[in-house]
Amino acid sequence: MELLKLLVIDAWFAWIPAVGFAMVFNVPKKMLIYCAVGGAFAHSLRYLLMHFGIPIEWATLAASSSMGFVGLYWSRKHLIPRPVFTVASIIPMIPGSYAFTTIIGIVELNSGGYSLELMQVIVENGLRTLFILGALSFGLALPSILIYRGRPIV
Amino acid sequence: MELSKEQQTELTRIAVKAGQILHQHGAESRLVEQTTQRLGTALGAQSIELSVSSDSIVITSLFNGNCITTTRRCYDRGINMQMVCEVQRLCVMAEKQLMDAGQVKERLQRLKPMKYNRWLVVLMIGFSCASFSHFFGGDLPVYITTFFASAGAMILRQELAHRHHNPFVNFASAAFVATSISSLGVIYDFGEEPQIAMAACVLLLVPGFPLINAVSDMLKGHISTGIARWVFATLLSISVAIGIVASMTLTGVVGWIN
């Protein structure tokens, strides 16, 4: 019951960035609701998996690939290209904070001189950014890599 | 179906226009390639060969041994999914023979990018970054600081983008403004952990779409386009980081790496 409440709170806070960024990408009005549902679904799925101790990269891969297949269904139904829903839906999971920490660390490394702690921060955050980002894009691309090989989806 | 030389030229122009619109509004290379080829063959060409690079497309249409080649430069017009949807719909309609070449051309020329009301976008982006601050474990005062910092940055970003400023300058100044506003929260000790607001308020400047497009281009075989997009996204992130560091040096508030 406690977990369910946490999941609902997580889903509530995840649909807002999904719709916000969908509006920056000018997703058509009728499709905003799908971005909201997708964002809430994908982020709360990742939260659930991480709650059971799965590392963030694998949880992200699972969440983004299920989003890829959900997007496949919606895109066949509405005859609309997949990135319209899927990219906005996974925006809440993009590792922006890790990426900026990495680059700010590099800037500090130049101004403040080399230190082992700083280097640790840079390498750990940088690698996490790369792997999470790879998991996100690879998960979204799975349907067209596995099922629609070279064929158009809509 | 028989095509005269003029008809084939016309068809090539229509197909390249569709590809150009898709490329300019942020579609991935695979989508540009497929849609252009499908539109060209639907209008009667035997085959369409297409080369997509990071800032231009080259297209050749074939019909009975006749080749017509044309090139279009694709300037970035900003991500607009509504345009991508419209072009895709035209392509599907042409494939089902619901439209002929003239109609497709007319519809393509009539397409106008739809934009949401800018104040609505500012409001939603403010709430989005505030939600990110919740994910980082912030309380209500941090939520409020983040909202105002990111809304301010978004207003500046839209204003500079409207005046066609360089995107790197735009992102660096927006990051500077966001970090400066949220560092006020640290100075006046607003909330439990006001540093969280400094981390959350710049997340509206993460180049998410270019990064996802870059990796999916590389996965689907368009390596050079993918690398170009990746470099562009990395440069954007670097300019955001420069903006953050500039603001932190000026105000003396350290919110990122202690």
Side-chain angles (χ1 to χ4, degrees), chain A residues 9-10 12-29 31 43 47 78-88 90-92 94-97 99-108 111 117-118 121-122 133-134 136-138 140-141 144-145 150-154, chain B residues 25-28 30-31 34-35 38 78-85 88-89 92 113-116 120-121 123-132 134-136 154 175 199-200 202-206 208-209 211-216 218-220 234 237-238 240-242 244-245 248 256-257:
Chain A
I9 292 176
D10 190 81
W12 174 258
F13 279 104
W15 79 262
I16 301 172
V19 172
F21 281 88
M23 284 168 77
V24 174
F25 305 148
N26 295 301
V27 170
K29 273 197 194 76
M31 297 299 146
H43 199 277
Y47 184 85
H78 296 280
L79 295 184
I80 277 189
R82 239 163 19 110
V84 175
F85 329 103
T86 52
V87 177
I90 59 154
I91 282 284
I94 293 232
S97 190
F100 290 153
T101 309
T102 312
I103 301 170
I104 291 171
I106 293 173
V107 175
E108 294 278 314
S111 56
E117 293 82 41
L118 201 53
V121 169
I122 294 171
L133 210 59
L136 280 177
S137 314
F138 186 72
L140 283 191
S144 57
I145 290 177
R151 280 181 296 143
I153 288 180
V154 281
Chain B
H25 291 99
E28 55 173 330
R30 164 80 83 89
L31 192 65
Q34 271 178 352
T35 309
R38 284 166 64 191
I79 296 155
N80 195 324
M81 285 297 118
Q82 177 255 347
M83 292 293 271
V84 175
C85 292
Q88 177 82 22
R89 181 168 306 143
V92 172
M114 181 271 291
K115 285 256 160 70
Y116 280 101
L120 190 62
V121 176
L123 189 76
M124 280 310 290
I125 285 296
F127 279 125
S128 306
C129 289
S131 306
F132 284 129
H134 168 83
F135 285 138
F136 296 158
M154 192 65 200
V202 285
L203 289 182
L204 80 154
L205 300 166
V206 179
F209 217 105
L211 281 172
I212 300 284
N213 264 352
V215 180
S216 69
M218 287 194 247
L219 279 176
K220 292 168 187 172
T234 311
S237 317
I238 291 177
V240 172
I242 302 275
I244 296 172
V245 170
M248 287 199 307
W256 282 81
I257 299 169

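A, B, ... follow the sequence lines: proteins, then strands. Residue 1 opens every chain.
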Legend entry - Heavy-atom pair of closest approach, residues B/Val245 and A/Ile104: CG2-CG2, 4.0 Å

Inset, instruction - Against chain A, label B/Ile244 side chain, backbone, both or neither, depending on which of its atoms sit under 4.5 Å from a heavy atom there. - result: side chain

Legend entry - chain B contacts, top residue of A/Ala88, A/Ala141, A/Ser97, A/Ser111 (heavy-atom pairs, under 4.5 Å): A/Ser97

Inset, instruction - Against chain B, work out which of A/Ile91, A/Val121, A/Val24 has the most heavy-atom pairs shorter than 4.5 Å and name it. - result: A/Val24

Legend entry - Which atoms of A/Phe138 approach chain B - backbone, side chain, both or neither, heavy atom under 4.5 Å: both

Legend entry - Between A/Thr86, A/Leu79, A/Leu133, the one whose heavy-atom pairs under 4.5 Å with chain B are most numerous: A/Leu133

Legend entry - Choice from B/Ile242, B/Val84, B/Leu204 maximising heavy atom contacts with chain A below 4.5 Å: B/Leu204

Inset, instruction - Could you check which of B/Gln88, B/His25, B/Arg30 has the highest count of heavy-atom pairs closer than 4.5 Å to chain A? - result: B/Gln88

Legend entry - Under 4.5 Å from a heavy atom of chain B, the part of A/His78 involved: neither

Legend entry - Leading residue by heavy atom contact count with chain A [cutoff under 4.5 Å; candidates B/Arg38, B/Glu28, B/Met114]: B/Arg38

Legend entry - Validation row: A/Val84, B/Cys85 side chains within 4.5 angstrom (heavy atoms): yes

Legend entry - Approximate separation, where rounding is to 0.5 Å, of B/Met218 CE and A/Ser137 OG: 9.0 Å

Legend entry - Contacting moiety of B/Met154, where chain A heavy atoms sit under 4.5 Å: side chain

Inset, instruction - Hey, can you tell me if B/Phe209 and A/Phe25 have their rings parallel, tilted or perpendicular (30° and 60° cut-offs)? - result: perpendicular

Legend entry - A/Met23 versus B/Met124, closest heavy-atom pair with distance: SD-CG, 3.7 Å

Legend entry - Segment of A/Ile106 engaging chain B (4.5 angstrom heavy-atom cut-off): neither

Legend entry - Taking every non-hydrogen atom, the tightest pair across B/Gly208 and A/Ile94: CA-CD1, 3.7 Å

Inset, instruction - Using non-hydrogen atoms and a 4.5 Å limit, figure out which bit of B/Tyr116 sits close to chain A: side chain, backbone, both or neither. - result: both

Legend entry - Nearest non-hydrogen partners of B/Val206 and A/Gly96, listed with the distance: CG2-CA, 3.6 Å

Legend entry - Rounded distance (nearest 0.5 Å) linking atom CD1 of A/Ile9 with atom NE2 of B/His134: 6.0 Å

Inset, instruction - Heavy atoms only, distances under 4.5 angstrom: which of A/Lys29, A/Glu108, A/Met31, A/Glu117 has the most pairs with chain B? Name it, please. - result: A/Lys29

Sequence neighbours excluded and cut-off under 3.5 Å, please list the side-chain donor-acceptor pairs for residues 13-21 of chain A, or say none.
residue	atom	partner	partner atom	Å
A/Trp15	NE1	A/Trp12	O	3.3

Legend entry - Top contributor to chain B interface from A/Val107, A/Ile80, A/Thr101 [non-hydrogen pairs under 4.5 Å]: A/Thr101

Legend entry - chain A contact via B/Ile212 - which portion, at a heavy-atom distance below 4.5 Å: both

Legend entry - Atom pair CG/OG of A/Asp10 and B/Ser131 - distance to nearest 0.5 Å: 10.5 Å

Legend entry - Heavy-atom proximity to chain A below 4.5 Å, by part of B/Leu31: side chain

